[in-house]
Amino acid sequence: MDIEKSSSSSFEDLTNADDTNDIRGAHVNESETSEADSAAVQSSSNSEDNPKQEEDIEDEIECDILGNKQLIKRIIKKAPANAKRPNRGDLVTITYTGKLEDGTVVEKEERFQCHVGDFEVVQGLDMVLPMMHVGEVAQVSIDQRFGYGTIGLKTENPPETVIPPNANLIYELELVDVKYEDFADLKSFDVLRKYGARKKERANYFYKRVEYNNAIHLYRRALDYLDNRDGDPDAEFGKEDIELSNSDLQSLLEDRLIVYNNLAMAQIKIGAYDAALQSVEHVLRCQPNNPKALYRKGRVLEGKNDTQGAIKLLQKVATLEPENRSVQSDLARLFIKARRDEHNEKEMYQKMLGQAKKMEQKTNVRQKTPLVDNSKLKLIGFLMGTILIGVAGVAIYRYKY
């Protein structure tokens, strides 16, 4: 489940050129032999006489959901009549077994509960669930793109590869039950905290896989269950008729602040600095000296090119956590960056001043040039006038004498 293709998978064109070629070939064969035509008519007649048999045949045909052979569903066991279908957000109970193409079992869950569309199972299964009915059993073939992708799946302790990279998977999936949860189902503190913790842990899983968009989606879903007061303990709870003790409210608040901190870090990773700033502010509103929130806010300010503001926040974090080497390293890096920025700024101003002086000198030269030309013109005019007066005087003198 790659991060960029998770939250809203784009369904591809269902047109299949191979199928079209097969149909054309079938028409050619039918036109060549009258015996084939007769068989086709007989088959059509049998289908009309026994529609149930035709439906059973259709159920056995593979359903290429995306039209590109990357997600294929085949019904193994039909659902009872009038069985319900899940919608996005519904709580479903499923049983599934996942295998590699060589038959090795890599995943197995019995009566596992999850919310449709929340990426709590592999993406291919999450996409198929809304197409199933309660009681149905299906085989789902999933390309690595909608499975565990180029990363695969590894255990942490001990580190072991469970699903290799680029592995295609085959699941046997049973939809056991579906339930739409209304407010009455979420009035319990245990339910709210359980769902919130489950979404948070799944979000952490995606964060470690560098699938930040999926992580952000699930952190937000966790906040939906950890109430909607956005970190303000004095705000109204926003869910009528719910009764929680002060200790329960405090527990939900602490969980919510942890989620906001994690959400901010995921948002920083994708460059969503304004959204990340809002997330950390929710934490700092309740805990002004929360080191993680202050550190993340410093990262946000650095991303927004406010180096001095980032330095002040990290200095405060260094005071709160003097043994934190990561903060010390980031502070040293920011100081170097600040000096470099200051040096570059001075050079820029010097260049700007130098260009301004050059422009001023050019302007002065242009202003002086017309003055020189005017003085020359005056001298020439004076000389010409003198010569003309002299010539006129000589002419008058000769005329008289």
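Model, not experiment: these values are computed from the prediction.
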I'd like to know if the side chain of [X] reaches the main chain of [Y], judged simply by a donor and an acceptor atom lying under 3.5 Å from each other, with no hydrogens or angles considered.
| X | Y | answer |
| --- | --- | --- |
| S245 | D248 | yes |
| D64 | K69 | yes |
| S251 | S247 | yes |
| D126 | V121 | no |
| R209 | G152 | yes |

Residues L153, Y205; criterion side chain to side chain contact (heavy atoms under 4.5 Å, CB included); working and verdict: CA-CA 11 Å; L153 180 65; Y205 159 80; 4.1 Å; yes

Aromatic contact, H217 with F206 (centres under 6.0 Å):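 No, ring centres 6.0 Å or more apart.
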
Student check: side-chain heavy atoms of Y207 and M265 closer than 4.5 Å: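 A side-chain contact exists here, since the closest heavy-atom pair is under 4.5 Å.
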
Approximate separation, where rounding is to 0.5 Å, of R256 CZ and L249 CG: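 The CZ atom of R256 sits 9.0 Å away from the CG atom of L249.
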
Separation of H115 NE2 from L218 CG (nearest 0.5 Å):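 These two atoms lie 11.5 Å from each other.
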
Between [X] and [Y], does any side-chain N to carboxylate O distance fall below 4.0 Å?
| X | Y | value |
| --- | --- | --- |
| E120 | R221 | no |
| R111 | D177 | no |
| R193 | D255 | yes |

Between Q267 and Y219: side-chain donor-acceptor atoms closer than 3.5 Å: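 There is no such pair between these side chains.
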
Donor-acceptor side-chain pairing of Y295 and N324 below 3.5 angstrom: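 No - no donor-acceptor pair under 3.5 Å links their side chains.
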
Pairing residues for T319 by the side chain to side chain contact (heavy atoms under 4.5 Å, CB included) criterion, not counting sequence neighbours: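 Result, side chain to side chain contact (heavy atoms under 4.5 Å, CB included) vs T319: none returned.
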
Stepwise salt bridge (charged side-chain N to carboxylate O under 4.0 Å, His left out) check, K297 with E281: CA-CA 8 Å; K297 186 174 181 179; E281 290 295 351; 2.9 Å; yes

Donor-acceptor pairs under 3.5 angstrom involving side-chain atoms of residues 127-137: please list them, not counting sequence neighbours.
{"unit_1": "H133", "atom_1": "NE2", "unit_2": "R85", "atom_2": "NE", "d": "3.4"}
{"unit_1": "E136", "atom_1": "OE1", "unit_2": "H133", "atom_2": "N", "d": "3.1"}
{"unit_1": "E136", "atom_1": "OE2", "unit_2": "K73", "atom_2": "NZ", "d": "3.0"}

Sequence-distant partners of Q139, side chain to side chain donor-acceptor pair (under 3.5 Å), two or more places apart: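 Partners of Q139 by the side chain to side chain donor-acceptor pair (under 3.5 Å) criterion come out as none, since no residue qualifies.
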
